[in-house]
Each structure stands twice: as structure tokens, then as C-alpha cells.
Amino acid sequence: MKHILLAAVLVGLAFTNCTNKEQTKTVDNMTTLNLTQEWDKVFPLSEKVNHRKVTFETQYGLTLAADIYTPKNAEGKLAAIAVSGPFGAVKEQSSGLYAMKMAELGFVTLAFDPSYTGESSGEPRRTASPDINTEDFMAAVDFLSKQDNVDAERIGIIGICGWGGIALNAAAADPRIKATVASTMYDMTRVNGNGYFDSEDKEESRHATREALTKQRLSDPMAMAGGVIDPLPEGVPQFVKDYHAYYKTPRGYHKRSGNSNDGWRVIGTQAYANSRFLYYINEIRSAVLVMHGEKAHSRYFGEAAYHYMVDGKAEGYNFIGKPNPNPDNKQLLIISEATHCDLYDGGEGNYIPWDTLAEFFNKNL
């Protein structure tokens, strides 16, 4: 239980309740969602794109809320990109910014709230599943494939933070995904099973956590933990200060974001702790760009995933696979001086290399 609670305090990887009551929208047989129609993102709407809110259904019967961005005056069928993350955030934060920026650069983009999160459906709120979250990305590809202005053979995805690992898992499962960016990624299965920096990667720790979580399921399954700690206590690590500077200030705060508020269910990521969902990423044939900040505390997740994806083995991975059959289209980009949260919105140094991302997708889609 110790590392689960530590993650709650340090990261706030959270899911949040859907509280909007501004407008109800129903599509076909999907769940009725309460969608906010006003612009309530943490970034201004670009004059270079068109925007509308949409909904789509997953194969688990859940209805996801999303924002679709298209470049103004675009004609014909375009390449498309689905975006989600960070884990516990909402589309009004980092994923929406990524989607809007990539639309400025010529792509149809879709930023979505994952299942059980933000404006999307799913009960109980603030919970997660490796299966369901991977399906969220694949359902987004389904949706984009059916759009009149999208070339179904040219679809990519971007996953941010915990959704970077989920993006890699989706790319391993779905060959329709022709290009993937994992930005400032977490491997959610690794951090939930091993603790931060693999500090609790031992059977005794995992067994103690499993016992604590099974007791939690009976005593109070809806108990919450996480959300970025506020106010900051003395002596916290710099990366905790970085999370606070994004999620708890006007820079990134949003009322529907669990990371900005009171977190997620203590048992909400229990399945992640007992999974290792990057097992087959060494078989991804499509293009992948793993992008991380030089000074990010999470850098070890991205570097290890990249090396396992290319070589079939890496530090922190107990399993060994064969080298990737198509290593030449895999890239690891370390951005000088950037921290973990700098790749949420660029930070003070405007660290996100938008033109590099556009070049990657234009080349591979």
C-alpha cells in the first residue's frame, strides 16, 4: 500500500467526476453526456483551426467525450491524430493543447477524455483499466477512420505522461496506428507494481500492497487518494513542485481534472499493478517517437521503453524478447533542460518541438 499512497501524494494520477450540467447531447444509442459547450480550456482557441465537440463509443459500451480540431480552409482527406493524457488529466489541459497545435500544422486531431474521466461516461468515476484504456485509443482510431475528411490509412496517436505508455500498448495491438508519439511517458504498470524508481520492486512489497487493497475493497471501495498536494510541504522533490506549478495554478488547473483536485479511487488502478502491458512493444512495426525531457524524473520510463521496443531488452524489464523487426523508424528524442511537466504545455522554455512532431507525422502517415 505504501507505494500506492506515495504515488497519490507525489503525482496525483487521478480520475475526476463529470459535473457539467450545461447541455445534454445524445448520439445514436450512446450514453447521454452532459457536455459543456463554452470554451473552458486552459489555453486560448487558435484562430487557425475549427473546433467542435463530439462523442464516440468504445467496444466496452462506454461513451467518450472529445474535441475535434481541423485546420481552417483544409480540403480533401487529411492525416489524423488522436491524443490523450496525462493520466488523470482532461482534454481541456495538455492533450487539447497538443491536438490544437497539431491541427494548426495541418492534421485533423481528436483530444478525448478517457473512460470514467472528465466528460466521458463510466461508473464508478475515477477508476482505470489497462484493457479499457487501451481500447479508448483504438476506439478513437475507429471514430477518426469514419470521418469524411480523414484518410483512414494515415492515422497516428499521441500519448502524454501515463498515456504515453498506453499509446505504445495501443500501437502494439492495432496496426492501423501508423505513427505514435509517447511524450514524457510513464509506464503505469511499472510504477504501480514497482513503486517510483523501482524502489519497491520485490515480492514482499507487492504482497503487502495486494493485502491492503483487498481490505480497502471491503471497507471503503470509493475512498479517494491523490490529486496534487496543496499547499506544498517543505522539502518536497522538485518534480512535485513542477506538478503543482501546472495542475494547481491558472497555467493548468481545471475543475474536471482529478490531478488538479482530489484524485482517484485508492483501488482505481489495482489492475495496473498486476500487469505489464508493454510486453509486445518490441513487435511494433509502425513508426514511434519517444520524447522526454533531459531533467524529467520520469525519463527512465521512456528510455527503458524505447530500448526494449528496439532491442527486446532493457533495464527494468524482467522479460527479454527479440529485437524489433523494423527498428529504423523508432526514435528517442531527449529535449535538453526540459522537465517532466515542461512537455505538458512547453513550460517557460517552449520546450515542445511542434515542428519536429509535424515532421515525424508527415513522414510516417
Side-chain angles (χ1 to χ4, degrees), residues 11-20 35-36 38-46 49 51 53 64-69 81-104 109-120 125-126 128 133 136-137 140 157-164 166-167 181-186 188 226-230 239-240 242-264 291 293 296 298 338-348 350-352 354 357:
V11 188
L13 302 172
F15 283 92
T16 189
N17 200 3
C18 180
T19 58
N20 289 312
L35 299 180
T36 301
E38 65 182 5
W39 183 264
D40 65 344
K41 321 301 184 193
V42 301
F43 51 89
L45 177 62
S46 169
V49 305
H51 161 266
K53 302 195 82 164
L64 304 191
D67 292 293
I68 194 165
Y69 298 86
I81 305 169
V83 192
S84 197
F87 198 97
V90 289
K91 64 188 181 304
E92 286 71 28
Q93 297 174 306
S94 181
S95 63
L97 176 65
Y98 270 73
M100 188 182 74
K101 288 291 188 180
M102 298 311 295
E104 287 183 340
T109 60
L110 183 78
F112 63 89
D113 283 333
S115 299
Y116 307 99
T117 305
E119 293 185 298
S120 291
R125 307 301 294 171
R126 313 177 192 185
N133 293 149
D136 288 345
F137 255 134
I157 61 175
I158 298 174
I160 307 159
C161 190
W163 277 81
I166 297 167
V181 169
S183 178
T184 195
M185 71 162 279
Y186 266 57
M188 292 301 298
V228 174
I229 189 170
D230 184 45
F239 75 89
V240 179
D242 293 341
Y243 278 122
H244 188 278
Y246 181 78
Y247 284 114
K248 302 299 287 190
T249 72
R251 172 185 166 194
Y253 176 83
H254 197 277
K255 62 183 180 180
R256 289 192 296 276
S257 169
N259 293 348
S260 289
N261 296 286
D262 59 354
W264 82 102
M291 181 171 73
S298 54
T339 66
H340 180 84
C341 292
D342 283 335
L343 298 190
Y344 283 7
D345 61 355
E348 294 182 356
N350 295 316
Y351 288 106
I352 299 174
W354 301 113
L357 296 183

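We're numbering straight along the sequence, starting at 1. Being a predicted model, the structure only gives us computed values, none of them experimental. Values reported hereafter were calculated over all heavy atoms of this structure, with side chains retained and with hydrogens, waters and symmetry mates removed.
Checking N261 against Y253 by side-chain atom types alone, a donor-acceptor pair falls below 3.5 Å. Between the side chains of H254 and S260, no donor N or O sits under 3.5 Å from an acceptor N or O. Side chain to side chain, S94 and Y246 fail the donor-acceptor criterion of an N or O pair below 3.5 Å.
Taking the six-membered ring for Trp and the full ring otherwise, the centers of W163 and F137 sit less than 6.0 Å from each other.
To the nearest 0.5 Å, atoms CZ (R251) and SG (C341) are separated by 6.5 Å. Of the inter-residue distances, the one linking E119 atom CD with D113 atom CG reads 6.0 Å to the nearest 0.5 angstrom. Distance check, rounded to the nearest 0.5 Å: CD1 of I160 to NE2 of H340 gives 10.0 Å. In this structure, F112 CZ and S120 OG are separated by 8.5 Å, a value rounded to the nearest 0.5 Å. Rounded to the nearest 0.5 Å, atoms CG (L45) and CH2 (W39) are 4.0 Å apart. Taken to the nearest 0.5 Å, the OH atom of Y69 stands 13.5 Å off from the CD1 atom of I81.
I158 approaches M102 most closely through the heavy-atom pair CD1-CG, 4.1 Å. Nearest approach of Y186 to S298, heavy atoms of both residues: CE1-CB, 3.6 Å. Residue V49 comes nearest to E104 through the heavy atom pair CG1-N, 3.7 Å, listed as atom of the first residue, atom of the second, then distance.
You'll find the side chain of L357 stays beyond 4.5 Å of the side chain of K101, heavy atoms only. In this structure, I229 and H244 have side chains that are not in contact, with every pair of non-hydrogen atoms separated by 4.5 Å or more. T117 places a side-chain heavy atom less than 4.5 Å from the side chain of V90. Side-chain atoms of F87 and W264, non-hydrogen and from C-beta on, never get closer than 4.5 Å to each other. Using a 4.5 Å heavy-atom threshold, the side chains of S115 and L64 count as touching. For the pair M100 and H51, the minimum side-chain heavy-atom distance is 4.5 Å or more. D345 has its side chain out of reach of F43: every pair of non-hydrogen atoms, C-beta onward, lies at least 4.5 Å apart. Y116 has its side chain out of reach of N133: every pair of non-hydrogen atoms, C-beta onward, lies at least 4.5 Å apart.
Classification of the F239-Y243 ring pair by plane angle, with boundaries at 30° and 60°, yields perpendicular.
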Note to self: Using the rule given for side chain to side chain contact (heavy atoms under 4.5 Å, CB included), can you reason through Y98 versus L343, listing the C-alpha separation, both sets of side-chain angles and the distance that settles it, and then say yes or no?
What the structure shows: CA-CA 10 Å; Y98 270 73; L343 298 190; 4.1 Å; yes

Note to self: Assess the residue pair Y247 and D230 against the criterion (side chain to side chain contact (heavy atoms under 4.5 Å, CB included)); give the C-alpha distance rounded to whole Å, side-chain angles, the decisive distance to 0.1 Å, and a yes or no.
What the structure shows: CA-CA 10 Å; Y247 284 114; D230 184 45; over 6 Å; no

Item checked: salt bridge (Lys or Arg N to Asp or Glu O under 4.0 Å) between D40 and K255, worked out -> CA-CA 10 Å; D40 65 344; K255 62 183 180 180; 5.3 Å; no

Check: Run the side chain to side chain contact (heavy atoms under 4.5 Å, CB included) check on T36 and E92 step by step: do they pass?
Finding: CA-CA 11 Å; T36 301; E92 286 71 28; over 6 Å; no

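Between the side chain of K41 and the backbone N or O of L97 there is no donor-acceptor pair closer than 3.5 Å.
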